[in-house]
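Remember, it's 1-based here, ligands and their atoms both numbered in the order they're listed. Since the model is a prediction, treat every value here as computed from it, not as a measurement.
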Amino acid sequence: MLKPEANKARTVLSLPSVWDFQLAGETFDSAWVRHPLPDPTPMAVPGSYNSQKATAAYRDHYGWAVYQTRLTVPSAFLTQRVWLRFGGVTHRAQVFLNGELLGEHRGGFLPFEFELTARLPLPEGALLTVAVDNRIDFTTLPVGTSPAEAQAAYQPSGVPSIDVAEARRAPFNRPNFDFFNFAGIHRPVCLYTTPQTYIQDVAVTPSLDGTTGLLRYSVTTSGATAVSVTVQDQAGVICAKATGPNGVLRLQNAHLWAPGKPYLYQVTVTAAADRYQLAVGVRTVQVSGTKLLINGEPFYFKGFGKHEDAAVHGRGEDDCQNVLDVDLIHWLNANSFRTSHYPYAEEMYDLCDRAGIVIIDEVPAVGLGWGQDGRAYRDPAIYANHAKTLQDMIARDKNHPSVVMWSLANEAALDQHPTLARDYFHRLYELAHVSDPASRPVTGVSYPNDYQKDLTTRTMDVVCLNRYYGWYNLSGDLDAACDALAVELDWWAAQHKPVMLTEYGADTIAGLHNVVPGMFDEEFQVAYYRRLNAVLDRYPFVIGEQAWNFADFATIQGTLRVDGNKKGLFTRDRRPKMAAHYFKDRWAAVPDFGYKR
Ligand code: E8X
């Protein structure tokens, strides 16, 4: 799905940033979609509703919540088609216009839209209602657990007080994942227009023929029409042209897009009266032996998993925060991150294209397959939802040069029902390859489980490991942690695959210091990374290190979390811990390309 853009053929109108809002419950009153909310409170959009009010009712809400605003389509729009577009609503949305259901969308991290043209003209100030459901369960992505399973996993069994508490308690979400279940209208909402015959999709796939850049393109339009495509370089000089809905554009002596050295060409598509412009990069990605090559050179991932997470905005799209985070990534001398554990707002990928930052793009499949007797891998509805989410993510992000790999899931259960899991993920792996015109490498990020029983991870293009030797196991014992990591890496050596760590880390309280490093102090976080990195450096097939996490982030309450997950290199308000300075120095010395050659 194309991101809306304003150009001489199209208009974009952002919707108001403060809406009316009211919490509902497991259902909502159907009168609410036809009339102004009975007891509204202001709520900023985009943003999470959980963090905008000073009461637990908003933080801990379970079920539906309802947003409302007034929508006026300017008369000037009436000669064109008009669309209402949502960048992302978490986790499920029903959208009503003057009481009538426009449609529903499931999944909290990808865009959806409705065409309004047939309903125009609308009365001025039409009532736009968006009902939002934050419930997660066994069938959603990310995955929630049933109370019984959550209790069995986290609580001592047979304690009567717990049963009593459960029986008394109103229903609440039990995430099978370690980030706060923020909800609401998380990404921008807009009206946009297109001409009657319009460009529905554009796919541009780069490759290289010597020094000539090739851009294979394909344009889908809503009706038969002539299509033309031009490419401009960064100076605005037209350097290639083509006509027809499919073709190849040739760029002599192409400037490459590379990590740290981004170069973006502007592709302009014209079809009938419509026009769409896209920034593209000429770069290739491929796995060869135990290396991942970008532009034919072995790349080394230096970075972390991130979250869309900050005070006040919660998970709401925040350009200001994103611009700062990109700058901090440069400050750290990092070159990459993983969109753990869901596709991020489109605005972030645009920034990374411009900044030359490499992204591993992850579907929101976190917490899959645990404690349910393999039933997730047998249920066709779960597979269908996972497959659709993967395809929608690839459809949205396929043109970004920053995206070099797709991640099918984070930490699915892979060693309990190894063949079921492998078959399930193999279908998704194939689907990712065929859905992406560039057929980028595909991975699935593995939990610290029994890697010898896990039959899935070894089938991926790149083996991505989350490992916590020295933290969740061998806690505090860095000698043993280094040995254990080496034992595992020796095993992976025989698989002849590129391997990277996509998570490793230690919760660290900023400002807590000790002469003798110990768990939770800043010295320990540095020692942990210093020691484990020395092990990684010994293995030529280890192609990257991504720390967990870029910054401290909010989670549900629990005995393992003191005001959230504290494994950040930065605090939640982006102050560096000692480990940030450590990585800044280390990564200054580790090149993007040709490390361990
Ligand atoms: C952690 C991370 C968590 O935040 C992330 O979302 C997924 C976790 C480690 C799992 N990976 O807890 O900080 C480790 C389990 C070890 C038994």
Side-chain angles (χ1 to χ4, degrees), residues 108-109 136 141-145 150 152-154 173-182 303-309 315 337-344 360-371 407-416 443-451 453-454 457 463-477 480-481 484-485 488 500-510 519-520 524-525 528-529 532 545-572 577 579:
F109 306 96
I136 44 171
L141 296 177
V143 179
T145 50
Y154 295 118
N173 277 313
R174 294 172 172 80
N176 196 21
F177 49 87
D178 183 36
F179 50 91
F180 191 84
N181 187 39
F182 284 117
F304 19 73
K306 276 185 101 276
H307 266 299
E308 291 183 316
D309 175 275
R315 190 144 291 126
F337 66 89
R338 175 170 60 119
T339 69
S340 43
H341 295 309
Y342 36 81
Y344 289 0
I360 301 173
D361 206 3
E362 184 158 280
V363 291
V366 45
L368 190 74
W370 292 97
S407 164
L408 302 175
N410 180 71
E411 298 185 353
L414 300 175
D415 61 354
Q416 297 171 352
T443 191
V445 171
S446 119
Y447 182 77
N449 56 10
D450 185 333
Y451 49 90
K453 282 195 197 135
D454 160 8
T457 304
V463 169
C464 286
L465 306 176
N466 295 354
R467 293 296 183 264
Y468 287 88
Y469 299 117
W471 187 255
Y472 286 117
N473 55 1
L474 306 172
S475 309
D477 184 344
L485 178 62
E488 176 169 356
M500 65 183 283
L501 288 200
T502 31
E503 285 186 23
Y504 60 137
D507 284 86
T508 304
I509 308 304
M519 292 175 76
F520 296 99
F524 181 83
Q525 192 184 26
Y528 171 96
Y529 282 120
L532 292 169
E545 53 196 54
Q546 291 192 330
W548 188 252
N549 184 287
F550 173 74
D552 294 348
F553 57 93
T555 64
I556 53 162
Q557 301 184 66
T559 51
L560 288 175
R561 297 289 175 255
V562 185
D563 189 36
N565 188 309
K566 297 288 190 226
K567 296 193 186 71
L569 303 182
F570 293 96
T571 59
R572 198 177 187 214
K577 299 181 191 170

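Taking the charged nitrogens against the carboxylate oxygens, Glu362 and Arg338 do have a contact shorter than 4.0 Å, which makes a salt bridge. Ion pair Asp563/Arg572 not flagged as a salt bridge, since none of the NZ, NE, NH1 or NH2 atoms sits closer than 4.0 Å to an Asp/Glu carboxylate oxygen. Under the 4.0 Å criterion applied to side-chain N and carboxylate O atoms, Asp309 and Lys306 are not assigned as salt-bridge partners.
Taking Asn473 as the reference, Tyr469 meet the side-chain contact (heavy atoms from CB on, under 4.5 Å) condition, with sequence neighbours excluded.
The contact shell of ligand 1, taken as protein residues with any non-hydrogen atom closer than 4.0 angstrom, comprises Asp178, His341, Asn410, Glu411, Tyr447, Pro448, Tyr468, Tyr472, Glu503, Trp548, Phe553, Arg561, Asn565, Lys567.
Ring geometry, Phe109 versus Tyr342: the interplanar angle falls under 30°, so the pair is classed parallel (tilted spans 30 to 60°).
Contact check for Leu569 versus Gln525: side-chain heavy atoms found under the 4.5 Å cut-off.
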